[in-house]
Amino acid sequence: MRIDVLTLFPQVFDGFVASSIVGRAVASGLLTVACHDFREHAKNKHRSVDDRPFGGGPGMVLMCQPALDAFEALDADPDGKPLRILLTPQGERLDQRIVEELASVPRLALLCGHYEGFDERIRALSGAREISIGDYVLSGGESAAMVLIDAVTRLLPGALGDEQSARDDSFSDGLLEYPQYTRPREYRGLSVPEVLLSGDHGRIEQWRRSQARMRTSQRRPDLMEDGSH
Ligand code: 6GU
């Protein structure tokens, strides 16, 4: 998979793209992440990419031309055209179902917003899908882009050492994950549940499923509402 990121702060992705699961996916050639400073597409002499809003009001608005030219420059690539995404608090809220959809395409282009927002015509003319990562306000789309890249990368076949782990993650079956323990068997008076030491894989599986259901209904009843659990 190839992900192009259009941002005014490409350097903030350096450590992220080199570390952990994403770093390994990049190193092994499963994933390419290319960050582009879309200021390079600014045409005016101050190289500005934002301007004051018509009608007045606070802050600055991202201009059409640099953003659209940056998207269009990616289409010239022989690898084919990416699926365009605008990262904005006005988008549909990212969840594991959307992550699965995005992980299934060969190329993504993520435009990170800043300032008070995008000129509305960027939406219309880019045809981009708009994604938010939750109901709170970020200063820019960069951290949201990293969230999206991380979540998508986990689903690329071969990205996780153990193929089982993506399937066992919280949300992969619509439930939160069951409780996990490692050594020692007892720590500060708290013991590992006996069933996990029993070696009885059927009982362990049953216990984990029931813990996952209990935990989900206590912490996230909203996830239980579809009745499939
Ligand atoms: Cl994608 N961008 C910004 N600026 N704020 C957000 C967001 C995105 N998702 C949640 N809050």
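Counting starts at 1 for both ligands and their atoms, following the listed order.
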Per the ring-ring contact (aromatic ring centres under 6.0 Å, His included) rule, what does the pair list look like for residues 175-222, sequence neighbours excluded?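 Passing the test, one end in residues 175-222: no pairs.
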Any nitrogen or oxygen of V137, main chain or side chain, under 3.5 Å from a nitrogen or oxygen of ligand 1?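 No, V137 has no N/O under 3.5 Å of an N/O on ligand 1.
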Look only at the side chain of [X] and the backbone of [Y], and say whether a donor-acceptor pair between them is shorter than 3.5 Å.
X    : Y    : result
R107 : I3   : no
N44  : S48  : yes
T216 : L176 : yes

Write out the residue and atom name of the closest protein heavy atom to [atom], then the distance separating them to 0.1 Å.
atom                    : result
atom 11 (N) of ligand 1 : Y136 O, 2.6 Å
atom 9 (N) of ligand 1  : I133 N, 2.9 Å
atom 10 (C) of ligand 1 : G134 O, 3.0 Å
atom 1 (Cl) of ligand 1 : T88 N, 3.2 Å
atom 3 (C) of ligand 1  : P89 CD, 3.4 Å
atom 4 (N) of ligand 1  : L138 O, 3.1 Å

Side chain, backbone, both or neither: which applies to I131 and ligand 1 if a contact is any heavy-atom pair less than 4.0 Å apart? backbone
So which bit of S132 gets within less than 4.0 Å of ligand 1, heavy atoms only: side chain, backbone, both or neither?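 Near ligand 1, S132 shows its backbone as well as its side chain.
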Contacts under 3.5 angstrom, residues 123-142 side chains, donor-acceptor by atom type, not counting sequence neighbours:
unit_1: R123; atom_1: NE; unit_2: E130; atom_2: OE1; d: 2.7
unit_1: R123; atom_1: NE; unit_2: E130; atom_2: OE2; d: 3.0
unit_1: R123; atom_1: NH1; unit_2: E120; atom_2: OE1; d: 3.0
unit_1: R123; atom_1: NH2; unit_2: Q90; atom_2: OE1; d: 3.4
unit_1: R123; atom_1: NH2; unit_2: E130; atom_2: OE1; d: 3.2
unit_1: S126; atom_1: OG; unit_2: I122; atom_2: O; d: 2.7
unit_1: S126; atom_1: OG; unit_2: A128; atom_2: N; d: 3.1
unit_1: R129; atom_1: NE; unit_2: E92; atom_2: OE2; d: 2.5
unit_1: R129; atom_1: NH1; unit_2: E101; atom_2: OE1; d: 2.8
unit_1: R129; atom_1: NH2; unit_2: E92; atom_2: OE2; d: 3.0
unit_1: R129; atom_1: NH2; unit_2: E101; atom_2: OE1; d: 3.4
unit_1: S132; atom_1: OG; unit_2: G134; atom_2: N; d: 3.1
unit_1: S132; atom_1: OG; unit_2: G134; atom_2: O; d: 3.2
unit_1: D135; atom_1: OD2; unit_2: R93; atom_2: NH1; d: 2.6
unit_1: Y136; atom_1: OH; unit_2: I133; atom_2: O; d: 3.1
unit_1: E142; atom_1: OE1; unit_2: H114; atom_2: NE2; d: 2.8
unit_1: E142; atom_1: OE2; unit_2: T7; atom_2: OG1; d: 2.6

Going by the atom numbers of ligand 1, which of them fall below 4.0 Å from some non-hydrogen atom of L87?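 Numbered from 1, ligand 1 contributes 1 (Cl).
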What I want to find out is whether D75 reaches R84 closely enough, with some N-O distance under 4.0 Å, to be called a salt bridge. yes
Are there more than 12 heavy atoms of other residues, nucleotides or ligands under 6.0 Å from atom CD of E100? yes
